[in-house]
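The first residue in the sequence is number 1, and the count goes up from there. All values below come from the heavy atoms of this structure, side chains included, with hydrogens, waters and symmetry mates left out.
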Amino acid sequence: QVQLVESGGGLVQPGGSLTLSCAASGTSFSMNTMGWYRQVAGKQRDLVATITRYGTINYADSVKGRFTISRDNAKNMVFLQMNSLKPDDTAVYYCNGWLAGIQRWGQGTQVTVSS
């Protein structure tokens, strides 16, 4: 019953911003490392950013300087603030997290950047 649920995706114009949220439910335990990944249909799911429980952050080069990952351990949530969006950012964005030695994935939220 442990689930990760993303929200906040949508259609934005190039240069616009979106904030994605991911909430863990079905558990009283907090996640360890959490992250955001994205995937275009037919292609590999790629890392966007990760953040540990203690705040250590890693970004993909393609989003560094534009995206910011953060988390709220008390609420078991992770966020992705996306600025200066480009058409190449269009993808399904997935939240993931480690719990009980298992990677868990959300269902994904679509982000489309288009004029």
Side-chain angles (χ1 to χ4, degrees):
Q1 294 185 353
V2 177
Q3 299 182 44
L4 298 174
V5 180
E6 305 96 334
S7 62
L11 174 64
V12 297
Q13 293 184 322
S17 298
L18 281 176
T19 299
L20 305 183
S21 300
C22 172
S25 64
T27 179
S28 297
F29 297 94
S30 60
M31 295 287 178
N32 296 309
T33 298
M34 302 186 73
W36 289 95
Y37 294 71
R38 64 188 183 186
Q39 185 172 26
V40 177
K43 297 185 178 180
Q44 177 179 306
R45 186 175 297 185
D46 294 326
L47 181 146
V48 176
T50 60
I51 182 169
T52 71
R53 288 179 54 84
Y54 311 102
T56 300
I57 294 171
N58 180 44
Y59 293 106
D61 288 341
S62 60
V63 307
K64 190 172 295 184
R66 299 187 297 121
F67 292 10
T68 302
I69 189 171
S70 61
R71 66 186 291 168
D72 185 334
N73 289 336
K75 295 183 177 181
N76 224 3
M77 296 184 68
V78 63
F79 308 92
L80 186 69
Q81 175 66 51
M82 305 185 294
N83 299 321
S84 302
L85 284 162
K86 305 174 181 179
D88 285 349
D89 295 319
T90 296
V92 177
Y93 283 70
Y94 295 90
C95 172
N96 98 317
W98 284 91
L99 183 63
I102 300 173
Q103 269 194 358
R104 302 178 187 273
W105 295 90
Q107 84 288 350
T109 185
Q110 177 70 47
V111 173
T112 302
V113 185
S114 176
S115 59

Walk me through whether Phe79 and Asp72 qualify under side chain to side chain contact (heavy atoms under 4.5 Å, CB included).
CA-CA 8 Å; Phe79 308 92; Asp72 185 334; 4.2 Å; yes

Value for OG1 (Thr52) from CG (Asn32), rounded to nearest 0.5 Å, stands at 9.5 Å

Can you find a heavy atom in the side chain of Met31 that is under 4.5 Å from one in the side chain of Asn76?
yes

Could you check Thr27 against Arg104 for side chain to side chain contact (heavy atoms under 4.5 Å, CB included), going step by step and ending with a plain yes or no?
CA-CA 12 Å; Thr27 179; Arg104 302 178 187 273; over 6 Å; no

Linking I/L/V/M/F/W/Y whenever their side-chain heavy atoms sit closer than 4.5 Å, directly or via other members, would Val78 and Ile57 fall into one cluster?
yes

Grouping I, L, V, M, F, W and Y whenever their side-chain heavy atoms are under 4.5 Å apart, do Ile51 and Tyr94 come out in a common cluster?
no

Here the pair of heavy atoms bringing Asn83 nearest to Ser17 is OD1-OG, 2.9 Å

Heavy-atom check, side chain of Leu11 versus side chain of Ser114, under 4.5 Å
yes

Taking all atoms of both residues into account, what is the closest heavy-atom pair of Tyr59 and Ala49, and its distance?
CD2-CB, 3.5 Å

Shortest non-hydrogen pair, Val40 vs Ala91, comes out as CG2-CB, 4.1 Å

Should Leu20 and Val111 count as side-chain neighbours, where that means a heavy-atom distance under 4.5 Å?
yes

Check whether any side-chain heavy atom of Met34 lies under 4.5 Å from a side-chain heavy atom of Ile69, and answer yes or no.
no

Test log, rule side chain to side chain contact (heavy atoms under 4.5 Å, CB included), inputs Gln110 and Thr90:
CA-CA 8 Å; Gln110 177 70 47; Thr90 296; 4.0 Å; yes

Does Arg53 reach the side chain of Arg71, with side-chain heavy atoms less than 4.5 Å apart?
yes

Beyond-backbone contact of Trp105 with Cys95, side-chain heavy atoms, under 4.5 angstrom:
no

OG-CG distance between Ser62 and Leu47, expressed to the nearest 0.5 angstrom:
9.0 Å

If you measure from CG on Leu80 to OG1 on Thr109, what distance do you get to the nearest 0.5 Å?
11.0 Å

Does some side-chain heavy atom of Lys75 sit less than 4.5 Å from a side-chain heavy atom of Ser21?
no

Cys22 versus Leu4, closest heavy-atom pair with distance:
SG-CB, 3.9 Å

Considering only heavy atoms from C-beta outward, does the side chain of Glu6 approach that of Val92 to under 4.5 Å?
no

Value rounded to 0.5 Å, distance of CH2 in Trp36 from OG1 in Thr50:
13.0 Å

For Ser115 and Gln13, test the side chains for any donor-to-acceptor distance below 3.5 angstrom and give the result as yes or no.
no

Test your reading of the model: is there a side-chain donor-acceptor pair from Asn96 to the backbone of Tyr37, 3.5 Å cut-off?
no

Parallel, tilted or perpendicular: which describes the rings of Phe67 and Tyr93, with under 30° parallel and over 60° perpendicular?
tilted

Within the side chain of Arg66, is there an N or O that forms a donor-acceptor pair under 3.5 Å with the backbone of Met82?
no

